[in-house]
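Take a look at the structure set out below.
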Amino acid sequence: MNIFVLLLSLLSPYFSPSPQNESVPAALFTVQPQVVLAFEHSLGSSPYIESFESLAGVSLYMPEEELVRVKGEPLSVASDPWQECLEYVYADMSAGICSGAVLYVHVTPEQAGQFGLQLNGREIDPAQDKIRELLGSPDFVAEDGDVYLRGSDALKIYRNAGTGEWAGIDLFDGNSS
């Protein structure tokens, strides 16, 4: 009997007639401009990079044909010493091509110095200390550099062990290495 009373009390709001002339405050329907403006302002002011979409204008798993269309014919093509892939060498970067798609993108300090360096279309300079403002703290600190992860994508900034200066930067799939 107690269970029946409990069940009936829980369901009673569904059985009672709802009031038809209930007023809703008009404030619920008005847009609060201060909140909207604050939200819009916060979107544009954050320099933090939340994903790795491209390095030097090349994205991971970009088809080989698209790489050649975007970057042109490579200056040279060499066998990748670490994987059974080809490395397409351009003036501003190198790309590892495996099974017809980009598996990694590599940029040296010399290439970045001459042509600039873009991550997701934004200029970056790994030599400056502002890299942590863009990427946050490294997810891993290795002997040879700092590793940043965004989902399965990884960005590694290689550093000279003696001087601490950056020696290269790679964008690659963190699951593939």
Side-chain angles (χ1 to χ4, degrees), residues 38-177:
F39 177 71
E40 288 175 356
H41 177 70
S42 69
L43 282 178
S45 66
S46 175
Y48 188 72
I49 295 176
E50 296 183 10
S51 65
F52 300 136
E53 296 157 13
S54 66
L55 181 64
V58 177
S59 61
L60 293 179
Y61 300 107
M62 175 184 277
E64 179 182 8
E65 299 81 26
E66 185 177 348
L67 174 68
V68 172
R69 185 179 51 77
V70 169
K71 291 295 209 179
E73 290 296 323
L75 299 174
S76 65
V77 177
S79 293
D80 183 316
W82 305 107
Q83 301 175 16
E84 294 180 11
C85 300
L86 296 175
E87 185 171 70
Y88 283 33
V89 178
Y90 291 91
D92 63 335
M93 50 76 69
S94 298
I97 305 294
C98 296
S99 302
V102 174
L103 188 62
Y104 68 86
V105 179
H106 176 75
V107 179
T108 66
E110 295 78 23
Q111 291 168 322
Q114 187 174 2
F115 298 99
L117 180 61
Q118 291 191 347
L119 178 63
N120 297 355
R122 294 174 58 181
E123 280 294 321
I124 65 167
D125 184 359
Q128 295 181 353
D129 290 334
K130 294 183 180 184
I131 200 76
R132 288 193 184 232
E133 290 176 17
L134 297 173
L135 301 176
S137 297
D139 293 289
F140 299 101
V141 177
E143 283 182 20
D144 60 348
D146 302 331
V147 179
Y148 300 88
L149 299 174
R150 301 293 187 273
S152 65
D153 297 337
L155 185 80
K156 183 169 187 177
I157 301 175
Y158 294 93
R159 302 221 178 262
N160 181 305
T163 64
E165 292 181 15
W166 82 285
I169 187 169
D170 279 359
L171 173 63
F172 58 97
D173 184 334
N175 294 329
S176 69
S177 59

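Positions are given from 1 along the sequence. Because the structure is predicted, anything quoted here is derived from the model rather than measured.
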Could you walk me through whether L55 and L117 pass side chain to side chain contact (heavy atoms under 4.5 Å, CB included), step by step?
CA-CA 8 Å; L55 181 64; L117 180 61; 3.7 Å; yes
Using the side chain to side chain contact (heavy atoms under 4.5 Å, CB included) rule, take V68 and Y88 through it: C-alpha gap first, then chi angles, then the decisive distance, then the call.
CA-CA 9 Å; V68 172; Y88 283 33; 4.2 Å; yes
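For the pair D92 and Q114, the minimum side-chain heavy-atom distance is 4.5 Å or more. A 4.5 Å side-chain heavy-atom check between S94 and V89 finds at least one atom pair inside the cut-off. You'll find the side chain of P138 reaches within 4.5 Å of the side chain of R132, heavy atoms only. Put simply, the side chain of L103 does not reach to within 4.5 Å of the side chain of I97, judged on heavy atoms. Here the side chains of V70 and V58 are not in contact, with every heavy-atom distance at 4.5 Å or above. The shortest side-chain heavy-atom distance between V107 and F115 does not fall under the 4.5 Å cut-off.
When all heavy atoms of G162 and N160 are compared, the pair lying nearest together is N-OD1, 2.7 Å. Of all the heavy atoms in P126 and I131, the pair that sits closest is CA-CD1, 4.3 Å. The two atoms that bring L60 and F172 nearest to each other are CD1-C, 3.5 Å, heavy atoms only. Here the shortest heavy-atom pairing between A56 and K71 reads O-NZ, 2.9 Å. The shortest heavy-atom contact between L75 and A91 is CD1-N, 3.5 Å. The shortest heavy-atom contact between S54 and G121 is OG-N, 4.1 Å.
Within 6.0 Å of atom CD in E165, 12 or fewer heavy atoms from other residues, nucleotides or ligands are found, so the atom counts as exposed in its surroundings. Counted within 6.0 Å of CD on E123, heavy atoms from surrounding residues, nucleotides or ligands total more than 12; the atom is thus considered enclosed. In the displayed structure, F140 atom CZ is contacted under 6.0 Å by at most 12 heavy atoms of other residues, nucleotides or ligands.
Taking CE of M62 as the start and CZ of R69 as the end, the distance is 7.5 Å to the nearest 0.5 Å. Atom CG of L135 sits about 6.5 Å away from atom CG of L119, to the nearest 0.5 Å. In this structure, CD on E73 lies 6.5 Å from OH on Y90, to the nearest 0.5 angstrom.
The only member of D144, D173, D146 that meets salt bridge (charged side-chain N to carboxylate O under 4.0 Å, His left out) when paired with K156 is D144.
For Q111 (side chain) and T108 (main-chain N/O), a donor-acceptor pair under 3.5 Å exists by modelled atom type. A donor-acceptor pair is defined here as one N or O able to donate and one able to accept, closer than 3.5 Å; no such pair exists between the side chain of Y148 and the backbone of F52. Of the possible polar contacts, none joining the R150 side chain to the L155 backbone as a donor-acceptor pair under 3.5 Å is found. Side chain of N120 to main chain of R122: no donor-acceptor pair is present (N/O by atom type, distance under 3.5 Å, no hydrogens or angles).
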